[in-house]
Amino acid sequence: MTKAGKKTLSFCDSVNLMADRAFAVLNMDEGIAKAIKACNSILEVKFPVNIRGKVEVFTGWRATHSTHRLPAKGGIRFASIVNQDEVEALAALMTYKCAIVDVPFGGSKGGLLIDPNAYERDEMQLITRRFARELIRKGFLSPATNVPAPDMGTGEREMAWIADTYKHLNPDDINYAGCVTGKPVAHGGIRGRTEATGRGVVYAIREFFRHADEVKAAGLVGSCAGKRIVIQGLGNVGYYAAKLLDEEDDAKIIAIIERDGALVNENGLNVEDVRQYINQCKTIKGFPDATYTEDGAAQLELECDILIPAAMEAQITAGNAKRIRAKLIVEAANGPVTFEADEILRERGIPIIPDAYANAGGVTVSYFEWIRNLSHIRFGRMERRYDELRGEAIIKAMEEMTGKDAPDIMEKGLIRGADELDLVRSGLDDTMRLAFQEILAAKRSYDEINDYRTAAYVVSVNKISRSYIDIGVY
Ligand code: GLU
């Protein structure tokens with residue numbers, strides 16, 4: 001409750017209210033809307049682990065929001081603030097996200113209440129494997145039904161432990177590697193998965209800038225180049241997004257907000273340097289080439305072209321939404337803008353590229369990894385050399401026909417078969433482009449829609465409701 005006695009919205013309420021706008025636009029049957037919003041099942045486990053001679057009891061959750069497509073998919077976060085409501089909200093977001101980018105999965109999410117920094121590597125391994133065993137034994141983890149991935153506080157390392165635990169408990173499952181995604185490449189992972197969410201954010205921004213009328217409506221012009229960007233969170237997602245925008249798109253990262261404050265430099269920060277500094281010093285404080293301020297949250301209100309919240313949920317709330325001075329907000333994190341803040345920003349005409357689309361690059365490449373695991377072959381393995389030979393033949397034929405040598409760039413472009421990373425990036429780029437175009441088409445086909453979030457939800461619930469109606473509800 002707030003001081004005024006108004007009920008504060010939970011993360012789940014916020015996601016449901018956002019989905020409700022789409023149901024209203026579509027005039028959707030109330031029962032179907034209810035079925036789509038309901039969280040199918042939630043598991044809470046408490047398990048003991050012996051740490052340094054003392055028994056500690058850990059609490060974890062896995063929510064399966066939807067099973068209209070299987071497996072249900074979504075990350076597992078390890079954090080010292082995580083609860084059932086949050087896990088359920090994040091699972092619902094996964095349902096909407098997968099539908100938006102046409103990834104044929106249901107939505108799920110997991111969380112373990114833990115401060116990963118408080119434990120040694122071996123202890124983390126014990127705890128992770130124990131949590132995985134609980135999920136496997138209770139039917140919440142398998143290549144066919146429920147496939148976790150990295151999220152906040154987890155990465156390749158944890159995914160490798162989970163996959164190995166599953167393999168030992170299910171020696172007959174030939175598809176064991178597909179029980180989790182985001183694994184190291186040496187253990188069945190796919191190239192390009194680690195950077196995928198951040199890269200997807202960049203592909204989303206690039207696609208936005210291909211639509212001149214949308215760019216103009218946001219009060220912007222041109223492309224990403226030279227745009228002044230504020231980013232919150234230099235974790236896995238924020239780091240890759242900021243790095244690519246800085247190095248490939250010539251954007252200017254004018255502020256980086258982290259847990260312990262913010263770095264500001266109007267001329268642009270070198271993202272790689274900041275990351276190296278954080279890795280070494282475990283803080284951003286003292287980074288040369290920038291002004292440090294302790295009040296990180298206040299820097300969300302900096303005047304800028306693009307604000308990218310890439311850290312936690314509920315960072316832009318009814319409290320600060322009125323003071324946001326970005327021309328465009330791109331949600332790289334899940335749920336960084338609350339429902340109330342979203343209403344305020346909509347009224348102020350600040351467009352938001354929503355989380356369920358903007359950060360869908362991670363699950364998109366997870367989908368590629370899962371397919372790779374089921375097919376037991378690396379993408380490009382069969383055709384790469386064949387494509388190179390064909391390129392060579394084309395160049396040779398052209399040279400014979402014209403009597404001239406082919407220029408170098410033509411040779412380089414044609415005599416190179418695509419490897420796995422090329423294919424992953426191409427598939428990701430295509431996915432992000434098509435999804436934005438679908439969102440835009442939805443935004444333009446309904447007079448009631450004037451924001452990308454409602455349009456994205458319309459695209460999503462339209463697809464999900466079709467599968468509920470086709471399969472039937474029993
Ligand atoms: N945790 C990521 C997300 O929130 C990735 C999920 C996945 O790859 O399954 O989208």
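In this chain, numbering begins with 1 at the start of the sequence shown. Counting starts at 1 for both ligands and their atoms, following the listed order.
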Looking just at side-chain N and O atoms, do Y119 and E56 make a donor-acceptor pair shorter than 3.5 Å? yes
Is a donor on one side and an acceptor on the other found under 3.5 Å between the side chain of T154 and the backbone of I76? yes
Under 4.0 Å from a heavy atom of K73: give me the atoms of ligand 1 that qualify, with their elements. 7 (C), 8 (O), 9 (O)
When you measure from the side chain of E343 to the backbone of E340, do you find a donor-acceptor pair of N or O atoms at a distance under 3.5 Å? no
Decide, yes or no, whether a salt bridge links K97 with D355 under the criterion of side-chain N to carboxylate O below 4.0 Å. no
Can you tell me which portion of R77 lies within the under-4.0 Å heavy-atom range of ligand 1? Options are side chain, backbone, both, or neither. neither
Charged N to carboxylate O below 4.0 Å: is that the case for E248 and R206? yes
What I want to know is whether M94 and ligand 1 share at least one N or O pair that is separated by under 3.5 angstrom. no
By number and element, which atoms of ligand 1 are closer than 4.0 Å to a non-hydrogen atom of G362? 8 (O)
Is there a polar contact between ligand 1 and K109, counting only N or O atoms under 3.5 Å apart? yes
Only heavy atoms of G75, strictly under 4.0 Å: list the atoms of ligand 1 that pass. 1 (N), 6 (C)
Could a heavy atom of K97 be found less than 4.0 Å from some atom of ligand 1? yes
Looking at E86 and R77, does any basic side-chain N land under 4.0 Å from a carboxylate oxygen? yes
So if I apply the side chain to side chain donor-acceptor pair (under 3.5 Å) rule between T181 and each of R193, E369, K73, which one comes out positive? K73
Indicate yes or no for a side-chain donor-acceptor contact from N320 to the backbone of T317 under 3.5 Å, with no hydrogens or angles considered. yes
Specify side chain, backbone, both or neither for P150, according to which of its non-hydrogen atoms lie closer than 4.0 Å to ligand 1. backbone
Looking at ligand 1, is there an atom of it that comes within less than 4.0 Å of some heavy atom belonging to A360? no
Can you list the atoms of ligand 1 that are under 4.0 Å from a heavy atom of S366? 7 (C), 8 (O), 9 (O)
Can any side-chain N or O of D422 pair as donor or acceptor with the backbone N or O of D419 at less than 3.5 Å? yes
Which residue owns the protein heavy atom closest to atom 5 (C) of ligand 1, what's the atom, and how far is it? R193 NH2, 3.5 Å
Is a salt bridge present between D246 and K252, judged by a nitrogen-to-oxygen distance below 4.0 Å? no
Can you tell me if E369 contacts ligand 1 (heavy atom of the residue under 4.0 Å from the ligand)? no
Identify the protein heavy atom lying closest to atom 7 (C) of ligand 1, giving its residue, its atom name and the separation to 0.1 Å. A149 CB, 3.3 Å
Report the part of N334 (side chain from C-beta onward, or backbone N, CA, C, O) that has a heavy atom under 4.0 Å from ligand 1; answer both or neither where that applies. side chain
The protein heavy atom nearest to atom 1 (N) of ligand 1 is D151 OD1, 2.7 Å
